[in-house]
Amino acid sequence: MIPEEVIKIADDIREMRIRGAGRIARAAAEALMIAAKSYNGDLEDFARYMEEVSEILLSTRPTAVSLPNAISYVMKAVRRRYGSVVEAVEAVVRAAMEFKEYSEKALELIGEIGSRMIEDGMTIITHCNSSAVVSILAKAWREGKRFKVYATETRPRYQGYITARDLASRGISTTLITDSAVAYIMRKADLVLVGADAITSNGALINKIGTSQIALTAKVYSVPFYVAAETYKFSPYTLAGEAVEIEERDPREVLDPPIEGIEIRNPAFDATPPEYIDAIITEIGVISPEMAILVITEFLGHRIVSEAPKGYEDSETELGSQY
Ligand code: RI2
């Protein structure tokens, strides 16, 4: 029996009560840990049970690659041989804790590395709500740098409000703008800083819908466009030619009640080509989008495969050897 707490975490991810690519990944690792701890069957069935839990978690939201990467990392422990259920459960708990600790440390390092790129007096535009972005801005502010942030509302779910509130509560000078005000504000901006749900092997960024328009505008006004992303946001599946699935959410998030006779679409993410990205700030350093392939192969340890992997089970994510 899959514990209710695990089903609740899956529902919370699906309904976006738990959201943000990093948080989703940590919640999935936590759910696998809870599932393992409450297992009361025999050793033979343990792996099957854990696969079932993984499937439930994987089915929640399709775009942020941090989710399958986190699951892949924990499930690697499930697939080893054990002498007892206790041993197997301990290994899963260890792997889940490792992922969570790595993820939290990565956010801190991104804050440290990224804050060096923030200068006094800058005007910075951000979109949606990214913990990696907040980590950078909060660190720079703590170091005494003084700058101004424009946060977009981020229709239709308004996650920009979360960012604006968070930054303002830290004393950071914050202005909220509508998504359509970006081009108007861009003329005065020095930097765009956004998070990531996935980075493809060719260095494209998959992030909250509207990101690519902002990148396009930044390019026109020659404003640098930076991405803050932990390495587990890099997608090994794209290495094998898989496209990142763009989540289409309920149209009622856009308009409720709908207008009769009008179709409403609600894509949650879009793709920004690598040519529009000046730098990707990761926990292992600042890289160009062209280096995404090296992060996937050299750092995460994925091989270029002759056959496309069908999901996380054929692909094992490492966390890199540094930590
Ligand atoms: P962190 C969010 O997606 C946004 O697109 C944000 O840029 C990205 O996750 C990364 O967030 P959603 O879950 O991992 O709000 O940096 O759809 O927090």
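Just so you know, ligand 1 is whichever comes first in the structure, and atom 1 is the first atom listed for that ligand.
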Under a 4.0 Å N-O cut-off, is there an ion pair linking Lys8 with Asp11?
-> no
Protein residues near ligand 1, heavy-atom distance below 4.0 Å?
-> Met16, Arg19, Gly20, Ala21, Gly22, Arg61, Cys128, Asn129, Ser130, Ser131, Ala132, Gln159, Gly195, Ala196, Asp197, Asn207, Lys208, Lys233, Phe269
Could you walk me through whether Ile206 and Val65 pass the side chain to side chain contact (heavy atoms under 4.5 Å, CB included) test, one step at a time?
-> CA-CA 10 Å; Ile206 313 295; Val65 76; over 6 Å; no
Hey, could you give me each pair passing salt bridge (Lys or Arg N to Asp or Glu O under 4.0 Å) that has a residue in residues 256-280? Not counting sequence neighbours.
-> Glu248-Arg265
Angle class for the Tyr49/Tyr39 ring planes (parallel below 30°, perpendicular above 60°, tilted otherwise)?
-> tilted
Starting from Tyr161, walk the hydrophobic network (Ile, Leu, Val, Met, Phe, Trp, Tyr; side-chain heavy atoms closer than 4.5 Å) and list everyone else you reach, by chain and number.
-> Tyr158, Leu176
Quick one: salt bridge (Lys or Arg N to Asp or Glu O under 4.0 Å) pairs with a partner in residues 171-194, sequence neighbours left out?
-> none
